[in-house]
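To start, the structure itself, in structure tokens.
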Amino acid sequence: MQPGSSATWITLASLLCCLPCRAGELSVTVIDRDGHGVDQVAVTATPSAGTTTTAPAPAVMDQRNRLFVPRLLIVAVGSTVQFPNNDTVSHQVYSFSPAKHFQLPLYKGEVHPPVVFDQPGLVVLGCNIHDSMVGYIYVTPAPYFGSTDADGALLLKELPKGDYRVVVWSPYIADAPATLTRSIRVEGTGSQAEHFQLKLALRAEPEPKPHRENWEY
Amino acid sequence: MRLRFALAALAAFWPLVAGAQDRLTLDGDLDVRWVHATGEPSFMNGGPGILRFDPEHEGLELGRAFLAPTWRIADIVSLHAVLDTYGDHNRNPVDISEFYLSVRPFPTGPVRFSARIGAFYMPVSLENRGIGWTDVYSITPSAVNSWIGEEFRTMGAEMEARWRGASSGYLGDFALIGAAYGWNDPAGALLAERGFTLSDRPSTLFGYLGSPPLGFYHEIDRRPGYYGGVTWRHHDRLEIRALRYDNRGDPTASTRSGFYAWRTRFSSLGARFEPDAHWTLIAQALDGNTAVGGGDDPQFYMRFRAAFALASYEWGRQRLTGRYDEFHTHQLSGFLGPPHTQDGHAWTVAWAYDLGEHWQFLSEWIRAASSFPPRLALDEPVMQTQTQLQLAARYHFKAGW
């Protein structure tokens with residue numbers, strides 16, 4: 001699954017159960033202190049009632065210019081993620097996060113089989129050669145999720161009528177988690193919008209500089 | 001002897017890498033320059049000048065050529081070497097400036113341990129970020145890091161414990177670094193002889209630097225030295241490095257061939273701040289002392305300090321950098337003539353243009369002014385000003401097998 005491109009994942013089960021009722025749309029925007037949209041923010045919507053889950057789907061975490069692309073990937077529990085290295089240099093990807101321990105020995109291209117993420121939680125990725133490389137895989141049990149686009153926007157579709165808990169998260173957002181969680185009611189018809197206006201400055205990372213940097217002392 | 005051993009080791013391992021998929025990579029640089037210099041003869045040619053080139057050595061010059069192979073022997077073990085040529089008075093036309101094993105086990109928790117064993121630069125500079133101590137902001141490093149490149153190479157083992165904050169929600173990391181080494185007993189002799197310089201001509205492991213030829217990296221007193229340091233990276237925007245160096249030299253020890261052990265100690269503190277995608281600000285200061293002799297003879301004792309501030313702006317393929325350097329040495333005892341006390345400052349302006357993947361054009365202008373009483377012995381005024389303009393074309397390649 002590519003975040004941003006296909007933002008909504010619903011199981012056949014949840015689709016079937018909601019056929020009788022009408023589904024709504026939820027538009028989420030995350031705006032920084034200066035009024036700009038914040039991209040690559042994970043958004044999840046979990047219904048208060050019922051235990052709907054989402055079918056796992058394959059996803060890709062690329063490596064280019066000594067960066068993980070995307071920086072943040074959001075996947076359903078049980079999804080597989082491929083880690084192709086399309087960089088000019090070799091990488092060694094690892095995680096020691098409780099949600100997933102793994103390591104991919106030195107490689108370029110598409111050498112290793114996909115990794116299964118079967119526990120919910122945040123998986124922080126690193127490269128054993130390039131300490132400045134950090135990436136995130138957000139493994140969620142929520143049935144509706146996605147990550148924001150360059151304008152800070154995400155549209156979640158086909159949400160059955162009901163109460164939801166909406167959570168937004170990014171490693172770059174400094175605001176308190178309590179301000180990033182909302183309980184909302186989705187009406188079974190039409191579209192509704194949730195704006196998250198951040199109060200604190202982002203912990204933004206500039207692009208690695210200079211470009212010719214290779215070894216660090 | 002050490003050079004022959006190093007080359008033999010490299011040759012012995014070479015066939016093993018054939019067929020490996022990108023286990024061996026090779027970086028190479030060729031830097032050719034047009035130089036225009038004013039002022040007195042350079043320390044490279046026996047003069048009291050503190051810049052690399054002088055009016056007798058200008059025009060078309062070889063800045064540097066190097067080959068830097070990296071061999072990933074195993075997933076967590078790699079072998080690094082840098083082979084240099086400068087086309088100057090070095091004893092060896094091609095020499096090694098770094099040769100070390102790097103061991104980086106996969107982290108199993110938030111603290112990552114790694115080690116380097118061999119001969120390598122200490123982690124003190126915030127401007128020499130390129131391969132083989134290359135300064136990426138200008139052609140010539142600051143006085144502080146010119147000196148580090150000239151007189152210091154860690155020949156021993158270095159351990160690092162790095163707390164990676166990302167797993168705890170902190171965008172940054174914190175590292176403790178410690179090293180034990182030998183063969184650094186002459187460190188300090190060059191600074192005592194001629195003060196600080198601004199030069200992108202670091203020493204090599206087996207060669208000479210400047211004229212009269214001065215060799216480095218001898219073990220004289222059989223006492224290992226150490227350094228300890230911390231590195232803190234905050235949000236990948238701010239990096240702070242602090243280091244305490246002490247070669248623990250016995251200043252009364254010497255070899256029959258006339259090499260003395262110098263007791264050299266210093267502290268260095270530096271910060272690099274990258275507020276956005278364009279600006280880089282760096283400041284670094286160094287303070288220390290060195291001593292030699294003693295016993296029956298009066299001891300030569302010198303204090304030194306140097307600092308610089310740098311601002312660099314990058315846009316598109318271009319980078320513009322300005323830097324101000326200040327440097328002082330103060331001889332307090334052991335006089336054999338005018339005191340080796342130096343007071344100087346320098347302004348550097350550099351502009352770099354990336355012409356693509358392989359080519360880079362760099363230009364740099366330096367104006368350095370310094371007072372140094374030993375110039376009296378040459379019937380020169382104590383205070384001198386030099387300038388140096390360099391226009392460099394740099395070719396870089398990278399290959400992998």
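Numbers restart at 1 for each chain; the letters A, B, ... are given by sequence-line order, proteins then strands. FYI, side chains are in, hydrogens and waters are out, and symmetry mates aren't considered; it's all heavy atoms of this structure.
Within a 6.0 Å sphere centred on CZ of A:R165, heavy atoms belonging to other residues, nucleotides or ligands number 12 at most.
The two residues A:Y136 and B:L171 make their nearest non-hydrogen contact at OH-CD2, 3.1 Å. For A:M133 against B:R164, the heavy-atom pair with the smallest separation is O-NH2, 3.9 Å.
Residue B:L126: no heavy atom, backbone or side chain, is found under 4.5 Å from chain A. Residue A:L122 does not touch chain B at all, counting heavy-atom pairs closer than 4.5 Å. If you measure heavy-atom distances from B:T108 to chain A, the contacts under 4.5 Å come from the backbone alone.
Considering only heavy-atom pairs separated by less than 4.5 Å from chain A, the leading option among B:S102, B:A166, B:P107, B:P110 is B:P107. If you tally non-hydrogen atom pairs under 4.5 Å between each of A:G126, A:P105, A:G109, A:P171 and chain B, the highest count goes to A:P105.
Each salt bridge (charged side-chain N to carboxylate O under 4.0 Å, His left out) pair with one or both residues in residues 79-92 of chain A, not counting sequence neighbours, would appear here, but there are none.
The pair B:R233-A:D131 fails the salt-bridge criterion, with no side-chain N (NZ, NE, NH1 or NH2) lying under 4.0 Å from an Asp/Glu carboxylate O.
Note that CG of A:L106 and CZ of B:R23 are 5.0 Å apart. Values are rounded to the nearest 0.5 Å.
No side-chain heavy atom of A:Q103 sits less than 4.5 Å from a side-chain heavy atom of B:D75.
Checked by atom type and distance alone, the side chain of A:N128 pairs as donor or acceptor with a backbone atom of B:R104 at under 3.5 Å.
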